[in-house]
Amino acid sequence: MLFIYQIKVGLCLIAFYLLWKLLLSRETFHRFNRVALLVVMVLALVLPWIRLSLDATVQVAKPMVVLEDLLVTPGGAAAAQQTSLSWSVMDFATLAYFIGVAMALAWFLHSHWSLHRLLKQGRRESLPGGITLHVVPGDQSPFSYFKHIVISEQDYRDNPNEILTHEQAHIGLRHSWDVLFMSVVTLFQWWNPAAWLLGRELRLVHEYEADEAVLNQGINAKQYQLLLIRKSVGDKLFSMANNFNYQSLKKRIRMMSMNKSSRWNRLRALAVVPVIALALLAFANNKSVAAVVTASVQQDRAVQSEMQSPEPVQVEAATQPVEAEAAPQADDVKTEVKAPQETDPQPKKIYRSVEQMPMFPGGEYALMKHLQANIKYPPEAAKNNIEGRVIVQFVIDETGQVGEVKIVRPVSEELDAEAVRVVKALPKFEPGRQDGEAVSVWYTLPVMFKVQGDPKPVPVTE
């Protein structure tokens, strides 16, 4: 889901911002710092999409499907319908998130519209490099936007050289593209202070670069700093533009006076590597699906002592790398498939793990919802307060059909039968694939039956 993805992006941005402030924010290699800020923003967007696969030499058993524990409660279809109609905390959080995105988008479009409206005012002049200069009346702070420079009549008359050199540096360094990218990130990360703080740091680095370009042109540093101080109050700012008057004036003046940082200090950027590794491991654990997965794994370790995996396998990319149930051996399985014909003496191979695992239509969350809506708590089991986790294994063949259903950890006859019934009625999956070819794959599914309340069972709505 987009909401879960944005949460992961937000966590990455928070970690990267803390590293930036701690290690690189006071260094004077501005071009390197600018690239570093852009790279960590891109990494934050990309890392949640990367799925790890453990090397085949790691000794693990077949992974279980990563799903929320399925709390099946008495109440039958009525309880399932109530669950599907009720709003969860996640539903409200998702709604609030998209309302915030809509408001941030409205603010973004308004700022963009105001900027283009201003560009139509005043007189225009052409500058070298295809730059258009807009000289406007009133008290307007100078700024640049792609190939446009806006400056007030008074600034153009009093200090044209310093200001135009500064804004031309912004254009030459293509800072407007950075600002546009940063605006899109903060549009979707409106709730995350780290996104806004990283954007502020990027704008500040832009100013450092432009200030450095001005001083390299031979303009007197003290005269230029006095100009910055005079222009620091009372001007309009546009979020989409590179403003000559930036809020962090004190930092800019101090940066101009600092000695150059050692080149070896750039190695501090390598501190991002362990953060990337931790992010990949955290996302591989798929904790965004459900906070109860860890508890589920701990409970199922009891099953491992009864079952063995004869060979090492590769953990599926989005699956938590834990030791779970192995697929049943050929002599253990009561097959429902017809015996092979004489023209096909070799039975079809059933894989335990493949490059692309079978996928329920709509994904794992849709599978969970389907089971919650269709499983009925057996009345006899509810009456006797029988509950527990039934673990089912079945084969998803190369056409996506479910077959060879088997209970690998039973609870009671009633609960086992209900779990088998619902699994056999599952719709077709997207089949698993190995080397690009559809194959049959073992699939493991835990179903939790739980009676809540004493003495009468009370349906649980999640």
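The figures here come from the full heavy-atom set of this structure, side chains too, leaving out hydrogens, waters and symmetry mates. By convention here, the first residue in the shown sequence is residue 1.
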Report task. State, yes or no, whether a side-chain contact exists between Asn265 and Phe29 at a heavy-atom distance under 4.5 Å. Result ->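 They are in contact (side-chain heavy atoms under 4.5 Å apart), so the answer is yes.
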Query raised in the report: Looking at Val447, Val405, Ile375, which hits side chain to side chain contact (heavy atoms under 4.5 Å, CB included) with Val423?
Result: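 Per the side chain to side chain contact (heavy atoms under 4.5 Å, CB included) rule, the option paired with Val423 is Val405, out of Val447, Val405, Ile375.
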Requested in this report: Test Glu207 against every option in Met255, Lys251, His170, Glu212 by the side chain to side chain contact (heavy atoms under 4.5 Å, CB included) rule and name the one that passes.
Outcome: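 For Glu207, the side chain to side chain contact (heavy atoms under 4.5 Å, CB included) test succeeds with only one of Met255, Lys251, His170, Glu212, which is His170.
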Query raised in the report: Distance from Leu198 atom CG to Trp20 atom CH2, nearest 0.5 Å?
Result: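 Leu198 atom CG to Trp20 atom CH2 measures 9.0 Å (nearest 0.5 Å).
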Requested in this report: Of all the heavy-atom pairs spanning Leu37 and Val40, show the shortest one and how long it is.
Outcome: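 Closest pair (atom of Leu37, atom of Val40, distance): O-CG2, 3.1 Å.
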Report task. Assess the side chains of Tyr145 and His175: does a donor N or O sit below 3.5 Å from an acceptor N or O? Result ->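 Tyr145 vs His175: no donor-acceptor pair found between side chains.
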By side chain to side chain contact (heavy atoms under 4.5 Å, CB included), which residues pair with [X], not counting sequence neighbours?
| X | result |
| --- | --- |
| Ala104 | Leu187, Trp190 |
| Pro48 | Tyr5, Lys8, Val9, Phe283 |
| Val395 | Ile350, Glu404, Ser440, Trp442 |
| Pro193 | none |

Requested in this report: If a pair satisfies side-chain hydrogen bond (donor to acceptor under 3.5 Å, both in side chains) and one of its residues is in residues 269-282, list it, with sequence neighbours excluded.
Outcome: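 Residue pairs with at least one partner in residues 269-282: there are none.
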Report task. Sort and list the pairs that fulfil salt bridge (charged side-chain N to carboxylate O under 4.0 Å, His left out) and have at least one residue in residues 94-112, not counting sequence neighbours. Result ->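 Applying salt bridge (charged side-chain N to carboxylate O under 4.0 Å, His left out) to every pair that reaches into residues 94-112, excluding sequence neighbours, yields nothing.
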Do the side chain of [X] and the main chain of [Y] share a donor and acceptor less than 3.5 angstrom apart?
| X | Y | value |
| --- | --- | --- |
| Glu418 | Lys376 | yes |
| Glu430 | Gly400 | no |
| Asp416 | Val411 | yes |
| Tyr97 | Phe188 | yes |
| Thr28 | Ser261 | yes |
| Ser111 | Trp107 | no |
| Thr186 | Gln189 | no |

Looking at residues at least two apart in the chain, or sitting in another chain, which of them share a salt bridge (Lys or Arg N to Asp or Glu O under 4.0 Å) with [X]?
| X | result |
| --- | --- |
| Lys21 | Glu201 |
| Glu398 | Lys348 |
| Arg31 | Glu209 |
| Glu27 | Arg268 |

Requested in this report: Evaluate the side-chain contact (heavy atoms from CB on, under 4.5 Å) criterion for residues Arg389 and Ile391: first the C-alpha distance (whole Å), next the side-chain angles of each, then the deciding distance (0.1 Å), finally the verdict.
Outcome: CA-CA 6 Å; Arg389 180 195 306 276; Ile391 298 181; 3.9 Å; yes
**Report entry** Summary of ring pair (Phe, Tyr, Trp, His ring centres under 6.0 Å) pairs that have at least one residue in residues 416-439, sequence neighbours excluded
**Finding:**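 Residue pairs passing ring pair (Phe, Tyr, Trp, His ring centres under 6.0 Å), neighbours aside: Phe360-Phe429, Phe429-Tyr443.
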**Report entry** ring pair (Phe, Tyr, Trp, His ring centres under 6.0 Å) pairs, two or more places apart, involving residues 263-282
**Finding:**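 Non-adjacent pairs meeting ring pair (Phe, Tyr, Trp, His ring centres under 6.0 Å): zero.
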Requested in this report: Decide if atom NE2 of His110 counts as having more than 12 heavy atoms of other residues, nucleotides or ligands within a radius under 6.0 Å.
Outcome: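 Atom NE2 in His110 is not packed in, count stays at 12 or less.
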Query raised in the report: So, are Lys383 and Glu380 salt-bridged, with charged N and O less than 4.0 Å apart?
Result: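 No salt bridge links Lys383 with Glu380.
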Query raised in the report: Would Val402 and Lys424 count as a side-chain contact (heavy atoms from CB on, under 4.5 Å) if you check the C-alpha gap in whole Å, the side-chain angles of each, and the deciding distance to 0.1 Å?
Result: CA-CA 6 Å; Val402 173; Lys424 285 185 176 181; 5.8 Å; no
Report task. Starting from the C-alpha separation in whole Å, work towards a yes-or-no answer on side-chain contact (heavy atoms from CB on, under 4.5 Å) for Arg252 and Leu204. Result -> CA-CA 8 Å; Arg252 290 172 60 185; Leu204 187 56; 4.0 Å; yes
